Amino acid sequence: MASLKDLRGRINSVKSTRKITQAMKMVAAAKLRRAQAQAEAARPYAQRMERMLASLGAAVADSPDAPKMLIGTGRDQVHLLVVVTAERGLSGPFNTNAGRFARARIRALEAEGKTVKLLTVGRKGATYLKREFGSRFVGEVSYHNVKRIGFEQADELATRITAMLEAGEFDVCTLIYNRFQSVISQVASEQRLIPAPLPANDTAAAPAAAGELPALYEYEPSEEELLAALLPKNLAIQIYRALLENAAGFYGSQMTAMDNATRNAGDMINRLTLNYNRTRQANITKELIEIISGAEAV
Amino acid sequence: MATFDLELVSPERLLLSRPVEMAVIPAVEGDMGVLPNHAPMIVALKGGVIRVTEGGRETERLFIMGGFAEITPTRVTVLADEATPVATLSRAAATQRVAEAEAALAAATNDAPEIREKAMDRVMAARAMQEAAQAA
């Protein structure tokens, strides 16, 4: 049986743990709000980009010299997986989920005889996947010293991927990240980046343009040139969205994890306190018995 | 006077969304003034200033760092790579950007023509920014 002093020590240490997890939860909640607002602010651009792409893509899609980014290289051999995870842990199953999803994808692709290349964003994903798939790595990106993810980072990443595409280093590019479903639920999912999945013209554009006639656009400069400039932007915006959702999801997941930890610490304190009081009473009873039986013996 | 809806969005936020009478946008092939009922167009933009007219007066001047615009008879959507109100442009920052862009262009002399062209575009955009900052 633990002594009273031991129990007191344990209660105090669990109490300070609870303070830390509680503080982390509050910080995560504040950062989550900011991340959500940022994701919200990025949405209009993405929506309008989609609308523009839908009308442009329809005009160019059947031309044989459409840009590579739209139609791909025509092969399906080398897959580039971009795995987005957080920089830090203490966030429940957040990083592990994305990692596990990526691992399953890599295994499935390799079983089909494809070549897989990996580009990780965020330190946690890199450490998770490195041991098993170290030879497939073509790069890792980390933003641990970036305070606030901006469009710049996404643009940089997009430029890098574009350069790899130009150099013929891969045929298909897929993004794996935690989709932000709600504060308590993030779902590891994938999104194809290259060849770009075109928003279907009639489904995506129609509701947005309700009441407007389907316009026949004039293009300046030509469709091909416009598309060549628009597609890398679209790539960047897709990546930007994934980065933001990843950030928001991370804070959401961390908040949930820290909330659970705080509650567990509370339960533990209750148990330990009960134990402490029982031990204290047992000690008093024992002392009383000793005194009484001592007095009787006299 | 008739108006149309002007929307100006950058990847990071929605900067402007309201009915205006006229907007002058810096298209790659020359500035263009857009009035209501313009023919539908999609144009690429270069670095320059968007001027907005409301109530017969010029009310907003925003600098954009290239982008795209979608024009329909009732709406103009500008997707800017980066956008700042001209009044908040800093001359020092603009000068620094010009220097950076020029250095990048100088470093790209041996690269493919497309890369050089892109670097050139950036120099032009940075110069436009500097000009706008000086005029403000």
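All of these numbers come straight from a predicted model, not from anything done at the bench. The sequence lines fix the lettering, A, B, ..., with proteins before strands; numbering per chain opens at 1.
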- For the residue pair B:Gln96 and B:Glu100, confirm or rule out a side-chain donor-acceptor distance under 3.5 Å. yes

- Task: Please round to the nearest 0.5 Å and tell me the distance separating atom CG of A:Leu235 and atom CZ of A:Arg160.
- Result: 13.0 Å

- Item | Chi angles and distances behind the side chain to side chain contact (heavy atoms under 4.5 Å, CB included) call for A:Gln254, A:Phe94 | CA-CA 8 Å; A:Gln254 185 170 53; A:Phe94 184 78; over 6 Å; no

- Query: Does any non-hydrogen side-chain atom of A:Val84 lie less than 4.5 Å from one of A:Asn178?
  - Reply: no

- Query: Are the charged groups of B:Glu70 and A:Arg51 less than 4.0 angstrom apart, N to O?
  - Reply: yes

- NZ of A:Lys117 to CG of A:Asp171: how many Å apart, nearest 0.5 Å? 9.0 Å

- Item | Contact check, side chains of B:Arg127 and B:Glu102, non-hydrogen atoms, under 4.5 Å | yes

- Note on the structure: Looking only at B:Thr77, B:Val9, B:Ile42, the option with the highest number of non-hydrogen pairs under 4.5 Å against chain A is B:Ile42

- Message: Tell me which of these, A:Gln38, A:Met49, A:Arg48, A:Arg241, has more heavy-atom pairs under 4.5 Å with chain B than the rest.
- Response: A:Arg48

- Task: Against chain B, label A:Leu244 side chain, backbone, both or neither, depending on which of its atoms sit under 4.5 Å from a heavy atom there.
- Result: neither

- Query: Which region of A:Leu226, side chain (C-beta onward) or backbone (N, CA, C, O), has a non-hydrogen atom less than 4.5 Å from a non-hydrogen atom of chain B, or is it both or neither?
  - Reply: both

- Do you know which of B:Val43, B:Leu79, B:Ile71, B:Leu14 has the most heavy-atom pairs with chain A at a distance under 4.5 angstrom? B:Leu79

- Query: Which atoms of B:Ser17 come close to chain A, meaning under 4.5 Å heavy atom to heavy atom: side chain ones, backbone ones, both, or neither?
  - Reply: neither

- Item | Engaged part of B:Ala44 at the chain A interface, taking heavy atoms whose separation is under 4.5 Å | both

- Query: By a 4.5 Å heavy-atom criterion (distance strictly below it), what part of A:Tyr240 contacts chain B: side chain, backbone, both, or neither?
  - Reply: side chain

- Is it the side chain or the backbone of B:Glu7 that comes within 4.5 Å of chain A heavy atoms, both, or neither? side chain

